[in-house]
Amino acid sequence: MKNLQRYPLPRVGIALILGIVFGDYFIHVPPWIWLACASVSVVVSIWMERYSSSLLILCATFFLGAWLVGNEECRMKNEESFDWKPMAQANSSFFFLHSSFSFQGVIASKPIVKGKVTQFDLLVVSKGKPFKLRASVLRDTLSDKEKALALGKGIMAHSRIKPIENHHSSLGFDYARWAQVHGYAGQTFISRDGWRPCVVSLSSLSWFQRTRLAAMQWREQIIRRMPSSADGSPSRSIIVAMTLGEKGTLSQATKELYSDTGASHVLALSGLHLSILFGILLFTASSRKRGVIRPSFLLTTVWAYVVLTGMSPSIIRSAVMLSVYGIMASSYRHTTSLNTLTFAAIVMLMANPLTLWDVGFQMSFLSVAAIISVLQWLGHRGINFHSLVGKMATVFLVIPIAAQLATFPLIMYYFGSFPCLFLITNFIVIPMAYIVLYGMVVWLILLPLPSISAFVFHIIEQVVEWGNTSLSSIAALPCSSITNIHVTPLEVCLIYILIITILAIVHRLTKAHLQARFLLINHIE
């Protein structure tokens with residue numbers, strides 16, 4: 001009972017998640033019904049006793065989650081109506097699938113060449129409220145027009161817009177749902193002659209969209225100032241992915257290498273990267289200045305980095321947790337890690353309930369929750385994490401095992417593989433991540449001195465090259481990874497139930513052992 005009172009937010013978060021899942025399953029139910037149920041639950045809870053009132057509040061949170069996802073689905077359907085004049089005379093679905101339009105848009109991501117096409121995100125700004133498309137432009141190698149395709153540039157295009165459909169795959173990854181979560185309204189293929197560069201007004205974009213676009217352009221300027229790899233090695237692309245979150249230039253071979261060895265987490269910006277950055281900021285910020293100046297500086301810098309790196313769910317979760325910790329620390333209040341983690345999840349789901357189906361969101365929160373729970377469980381059993389040996393064991397053993405235990409069913413479901421040698425991998429990639437991030441901060445400071453900054457960047461590249469060579473050696477070992485795994489959602493749920501059952505048994509056995517040991521010591525005394 002004491003543990004339940006210490007962690008009130010996880011119960012609220014679970015109720016909200018269950019409500020979102022329930023509302024998504026019954027998506028045809030009008031959202032106002034869920035809102036009415038939530039309101040009734042809150043009103044009735046006022047006159048109920050303590051425990052009944054708490055249960056009704058959780059019910060209200062459940063219905064709130066159903067209302068949030070239903071309301072979000074209705075909003076997206078309204079946006080997909082596309083306020084175009086011919087829509088008044090045409091059936092929307094037929095018109096959407098079989099008609100072509102002329103429209104203006106601004107390129108909202110770095111264009112990536114993939115075979116015969118160049119792919120990028122396109123924000124359409126000339127058709128009412130802006131919406132995002134996944135655009136593919138057929139390459140024209142005989143002219144220089146393709147050079148006009150750059151982040152932040154405007155184009156006039158004429159093409160057909162289609163809804164995004166799932167790829168033909170036996171794995172569990174739902175690409176259409178992923179696109180919906182990330183705000184894509186559709187996809188379009190533009191021919192060589194179907195577009196031309198033009199000046200586009202950004203007045204219809206929200207302040208958030210304009211800020212994010214400006215931040216990504218700033219990120220591109222930083223990337224362009226990085227020295228290019230003379231031998232064409234993937235080290236530069238890995239450095240860009242690890243520090244700035246731009247993974248578009250990573251080759252498929254590099255992605256597969258890091259995935260097969262269990263090192264993908266260093267390429268996706270997460271709490272590891274933000275904690276390293278936060279450590280740098282704590283070292284540079286003066287601790288003598290009390291009040292709101294120091295925490296304000298730290299949090300402003302952290303959120304500026306979040307915007308700069310593209311605002312992925314994992315980095316937002318880490319930033320929200322650090323913000324809560326910063327606010328609580330500045331006000332001299334205590335908060336528990338699980339409550340903070342759940343608060344971050346609630347904030348993100350309230351802002352966009354469809355985030356629940358983002359693979360990164362699921363794996364990020366499960367891994368962090370497992371790490372927090374295991375560390376607290378070991379701490380209650382007298383394990384010392386403050387010594388050098390304890391810190392090394394925590395970083396290289398406890399954290400990787402806890403994170404892998406929490407996410408391996410999802411890894412098998414979404415990606416059909418499992419890295420068996422992930423523990424060995426962590427002894428390579430975690431030190432590499434620290435060196436790369438600290439080194440890139442030094443490189444950024446030394447930019448006014450080109451020769452010295454180039455030397456620093458060369459050292460960072462050599463470290464990444466060493467890491468890639470080591471990972472390749474691990475991937476070549478027998479049984480380094482298990483592939484072609486096929487599990488159903490039901491099997492994933494059963495695996496999690498089995499894990500929780502085993503952990504509960506271990507918890508009961510160790511608790512009984514500690515109680516028996518305590519009684520024995522008292523009897524001897």
Side-chain angles (χ1 to χ4, degrees), residues 114 166-179 181-182 234 237-238 241-242 245 247-272 312-314 356-371 396-397 399-430 432-433 464 467-500 502:
K114 292 188 176 181
N166 276 321
H167 298 311
H168 296 288
S169 173
S170 59
L171 299 180
F173 182 68
D174 190 340
Y175 179 69
R177 170 68 80 172
W178 177 90
V181 168
H182 288 80
S237 299
I238 294 171
M242 289 179 62
K247 296 189 290 185
T249 57
L250 288 172
S251 65
Q252 187 62 32
T254 300
K255 293 179 181 178
E256 290 177 357
L257 173 63
Y258 277 70
S259 176
D260 292 342
T261 55
S264 297
H265 59 282
V266 299
L267 297 180
L269 292 179
S270 61
L272 171 66
S312 65
S314 58
L356 181 62
W357 284 274
D358 183 78
V359 180
F361 176 88
Q362 296 173 8
M363 298 184 66
S364 174
F365 274 92
L366 278 176
S367 61
V368 175
I371 291 168
F396 293 106
L397 293 177
I399 290 178
I401 291 175
Q404 207 71 36
L405 185 65
T407 58
F408 86 87
L410 291 181
I411 293 173
M412 294 191 300
Y413 175 68
Y414 287 121
F415 308 112
S417 63
F418 178 74
C420 301
L421 304 178
F422 65 91
L423 279 178
I424 301 176
T425 299
N426 277 280
F427 282 94
I428 298 171
V429 296
I430 292 180
M432 184 177 77
V464 174
N468 289 342
T469 303
S470 302
L471 292 180
S472 298
S473 301
I474 293 175
L477 294 174
C479 301
S480 61
S481 64
I482 303 174
T483 58
N484 297 322
I485 302 174
H486 304 283
V487 294
T488 64
L490 177 60
E491 290 171 338
V492 170
C493 294
L494 292 176
I495 292 173
Y496 274 115
I497 292 173
L498 178 62
I499 292 173
I500 294 172
I502 294 174

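- A heavy-atom distance below 4.5 Å is found between the side chains of Y258 and I238.
- With a 4.5 Å cut-off on side-chain heavy atoms, F365 and L356 do not count as touching.
- Counting heavy atoms from C-beta outward, I482 and C420 have side chains that approach closer than 4.5 Å.
- S480 contributes a side-chain N or O that, together with a main-chain N or O of A475, makes up a donor-acceptor pair within less than 3.5 Å.
- In this structure, T483 and S417 have side chains that are in contact, with non-hydrogen atoms separated by less than 4.5 Å.
- Proximity of N468 to P234: side-chain heavy atoms (C-beta onward) are separated by under 4.5 Å at one or more points.
- Shown here for T261 and L471, the closest heavy-atom pair between the two residues is CG2-O, 3.6 Å.
- At a threshold of 4.5 Å between non-hydrogen side-chain atoms, the residues M412 and E491 do not count as touching.
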Working for side-chain contact (heavy atoms from CB on, under 4.5 Å), residues Y413 and I495: CA-CA 11 Å; Y413 175 68; I495 292 173; over 6 Å; no
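- Contact of the L267 side chain with the K255 side chain is not registered, since no non-hydrogen atoms from C-beta on lie closer than 4.5 Å.
- Between F422 and F418, the ring planes lie perpendicular to each other; the angle is over 60°, past the 30° to 60° tilted range.
- Between T425 and I474 the shortest side-chain heavy-atom distance falls below 4.5 Å.
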Dump the intermediate steps for side-chain contact (heavy atoms from CB on, under 4.5 Å) on L405 and I499, then the final yes or no. CA-CA 8 Å; L405 185 65; I499 292 173; 4.3 Å; yes
